[in-house]
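The next block holds one structure in the form of structure tokens; read it before the comments.
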Amino acid sequence: QVHLVESGGGLVQAGGSLRLSCAASGLSFNNYAMGWFRQASGKEREFVAAISRSGRSPDYAESVKGRFTISRDNAKNTVNLQMNSVKPEDTAVYYCAASPTIFGTGSSSSYNYWGQGTQVTVSS
């Protein structure tokens, strides 16, 4: 059974940093691209960042480009999201997801597995 477990969420002040992690089990991790999505209260889930199987091809939503960095460790079956210069509009539940594609995409429909999410709250 596949499990994706996010951690690292919490409350942070605007301008601060937070590092999210996602631990994967039950799948051949290096055969999956990984992505981060988020969903703010009352809004639809949106793409944040994705990374290819090899980790060499990150992709970002325009809203986080230059502030967030996605990375993965295939030896540890983890994917991380380093969030810097956070803004109140980054407040959301953050989900990691696994896609059988080679390169991660911004389309949630290409992801087979999802974690339960971790809350990130940015105070102004």
Side-chain angles (χ1 to χ4, degrees):
Q1 190 172 2
V2 176
H3 290 285
L4 301 178
V5 180
E6 302 94 339
S7 61
L11 176 64
V12 60
Q13 287 190 332
S17 297
L18 208 59
R19 183 176 177 86
L20 305 184
S21 293
C22 173
S25 60
L27 78 170
S28 183
F29 186 71
N30 57 5
N31 284 340
Y32 285 81
M34 298 298 294
W36 286 94
F37 290 75
R38 67 187 182 187
Q39 187 168 18
S41 180
K43 296 188 177 181
E44 293 187 354
R45 189 173 297 185
E46 65 174 3
F47 169 71
V48 175
I51 193 165
S52 65
R53 295 180 183 181
S54 67
R56 289 195 290 264
S57 302
D59 188 26
Y60 300 94
E62 284 298 322
S63 59
V64 307
K65 200 171 289 186
R67 300 188 297 120
F68 291 9
T69 301
I70 188 171
S71 62
R72 66 187 293 162
D73 186 335
N74 285 348
K76 296 182 178 179
N77 287 8
T78 58
V79 59
N80 303 303
L81 185 69
Q82 178 67 42
M83 305 168 61
N84 297 331
S85 303
V86 296
K87 304 175 181 179
E89 51 263 44
D90 294 322
T91 295
V93 177
Y94 283 72
Y95 300 88
C96 74
S99 169
T101 57
I102 296 174
F103 299 100
T105 78
S107 173
S108 61
S109 62
S110 69
Y111 292 82
N112 289 6
Y113 303 109
W114 293 82
Q116 293 298 307
T118 185
Q119 175 71 47
V120 171
T121 303
V122 182
S123 62
S124 57

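Here the structure is a predicted model, which is why all the values come from computation and not from measurement.
Using a 4.5 Å heavy-atom threshold, the side chains of Pro100 and Tyr32 count as touching. Taking 4.5 Å as the limit, some side-chain heavy atom of Ile102 sits within range of a side-chain heavy atom of Arg53. Side-chain contact check for Ser123 versus Leu11: some heavy-atom pair is nearer than 4.5 Å. Looking at heavy atoms from C-beta onward, Thr78 lies out of side-chain contact with Ser21 at the 4.5 angstrom threshold. For the pair Thr101/Tyr111, no side-chain contact is recorded, criterion being any heavy-atom separation below 4.5 Å from C-beta on. Considering only heavy atoms from C-beta on, Trp36 comes within 4.5 Å of Val79 through its side chain.
Scanning both residues, Phe37 and Thr105, for their nearest heavy atoms gives CZ-O, 4.2 Å. In this structure, Phe47 and Asp59 approach most closely via the heavy-atom pair CZ-O, 3.7 Å. What you find for Gly104 and Ala33 is that their closest heavy atoms are N-CB, 3.4 Å. What you find for Phe29 and Asp73 is that their closest heavy atoms are CE2-O, 3.9 Å. Of all the heavy atoms in Lys43 and Gln39, the pair that sits closest is O-NE2, 3.0 Å. When all heavy atoms of Leu81 and Ala49 are compared, the closest pair comes out as CD1-CB, 4.1 Å.
Atom CG of Leu18 and atom CG of Asn84 lie 10.0 Å apart (nearest 0.5 Å). The distance from the SG atom of Cys22 to the CG atom of Asn80 is 9.0 Å, given to the nearest 0.5 Å. Rounding to the nearest 0.5 Å gives a distance of 4.0 Å between CD of Glu6 and SG of Cys96. Atom OG in Ser57 sits 11.5 Å away from atom CD1 in Ile70 (nearest 0.5 Å). Here the CZ atom belonging to Arg45 is positioned 4.5 Å from the CH2 atom belonging to Trp114, to the nearest 0.5 angstrom. A distance of 12.0 Å separates CZ in Arg38 from CD in Gln119, rounded to the nearest 0.5 Å.
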Report the C-alpha distance between Leu4 and Tyr95 in whole Å, list the side-chain angles of each, state the deciding distance to 0.1 Å, and finish with yes or no for side-chain contact (heavy atoms from CB on, under 4.5 Å). CA-CA 9 Å; Leu4 301 178; Tyr95 300 88; over 6 Å; no
Run the side-chain contact (heavy atoms from CB on, under 4.5 Å) check on Arg67 and Tyr60 step by step: do they pass? CA-CA 10 Å; Arg67 300 188 297 120; Tyr60 300 94; over 6 Å; no
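No donor-acceptor pair under 3.5 Å is formed between the side chain of Ser124 and the backbone N or O of Pro88. Put simply, the side chain of Asp90 never gets that close to the backbone of Ser85: no donor and acceptor are under 3.5 Å apart.
Under a hydrophobic clustering in which Ile, Leu, Val, Met, Phe, Trp and Tyr are joined whenever their side-chain heavy atoms come within less than 4.5 Å, directly or via other members, Val93 and Val64 fall into different clusters. Under the 4.5 Å side-chain contact rule for hydrophobic residues, Phe103 and Ile51 do not share a cluster.
A 6.0 Å sphere centred on CD of Gln116 holds no more than 12 heavy atoms belonging to other residues, nucleotides or ligands.
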